[in-house]
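Let me begin by presenting the structure, written as structure tokens, before commenting on it.
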Amino acid sequence: MAFLPDAIAKLGKIENEVCDVTCATREELFVDTHTHETTNYGVVTEGALYLTLKGEEQAYRTGDWFCIPANAEHAERFKEKTSLVVFWLKN
């Protein structure tokens, strides 16, 4: 059973003027190097996120929190079914 219940996953993206929240599941996906204008805090609720930040890849597994500073170049890799909740703090 996934740790991201269907009712929450269906929310997709919640937006307001201070912070957006995304609830998503990814699998067998590579997201090439990119940046965001927001500082992103997230938690892995199932599976593993392989996050490359400052040229180093680190694995974040179920229950792990991560932070991507605003405008930091990063890439994401998902080998297995992975669910995340990400908070996009607008600077």
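Model, not experiment: these values are computed from the prediction.
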Q) Tell me, do Lys90 and Trp88 make a side-chain contact under 4.5 Å, heavy atoms counted? A) no

Q | Other residues, nucleotides, ligands: >12 heavy atoms within 6.0 Å of Glu80 CD | A | yes

Q: Find the distance between CG (Leu84) and OG1 (Thr45) and round it off to the nearest 0.5 Å.
A: 6.5 Å

(Q) Return the CD1 to CG distance between Ile68 and Leu51, rounded to the nearest 0.5 Å. (A) 4.5 Å

Q) What are the two closest heavy atoms between Glu46 and Thr62, and how far apart are they? A) CA-OG1, 3.4 Å

Q: Would you check if Leu53 and Gln58 make a side-chain contact, meaning some heavy-atom pair closer than 4.5 Å?
A: no

Q | Taking every non-hydrogen atom, the tightest pair across Ser83 and Thr25 | A | OG-OG1, 2.9 Å

Q) Do Val85 and Phe78 belong to the same hydrophobic cluster, where Ile, Leu, Val, Met, Phe, Trp and Tyr are linked whenever their side-chain heavy atoms lie under 4.5 Å apart, directly or via other members? A) no

Q) Do Val86 and Leu11 sit in the same hydrophobic cluster, where Ile, Leu, Val, Met, Phe, Trp and Tyr count as joined when their side-chain heavy atoms come under 4.5 Å apart? A) no

Q. Does Glu15 CD have over 12 foreign heavy atoms under 6.0 Å away?
A. yes

Q. Does Lys79 reach the side chain of Glu28, with side-chain heavy atoms less than 4.5 Å apart?
A. no

Q) Taking a hydrophobic cluster as the set of Ile, Leu, Val, Met, Phe, Trp and Tyr residues connected by side-chain heavy atoms closer than 4.5 Å, whether directly or through intermediates, do Phe87 and Leu49 fall within one such cluster? A) no

(Q) Quick one, Arg77 and Phe30 - any side-chain contact, counting heavy atoms below 4.5 Å? (A) yes

Q) Is Arg26 atom CZ crowded by more than 12 heavy atoms from other residues, nucleotides or ligands, each under 6.0 Å away? A) no

(Q) Working to the nearest 0.5 angstrom, can you tell me the gap between Glu76 CD and Phe66 CZ? (A) 7.0 Å

Q) Hey, does Asn71 have a side-chain heavy atom less than 4.5 Å from the side chain of Glu37? A) yes

**Q.** Donor-acceptor pair, side chain of His74 and main chain of Thr35, under 3.5 angstrom
**A.** no

Q: State, to 0.1 Å, how close Asn16 and Val18 come at their nearest heavy-atom pair, and which atoms those are.
A: OD1-N, 2.7 Å

Q.
Check this for me: Tyr41, atom OH, are more than 12 non-hydrogen atoms of other residues, nucleotides or ligands nearer than 6.0 Å?
A. no

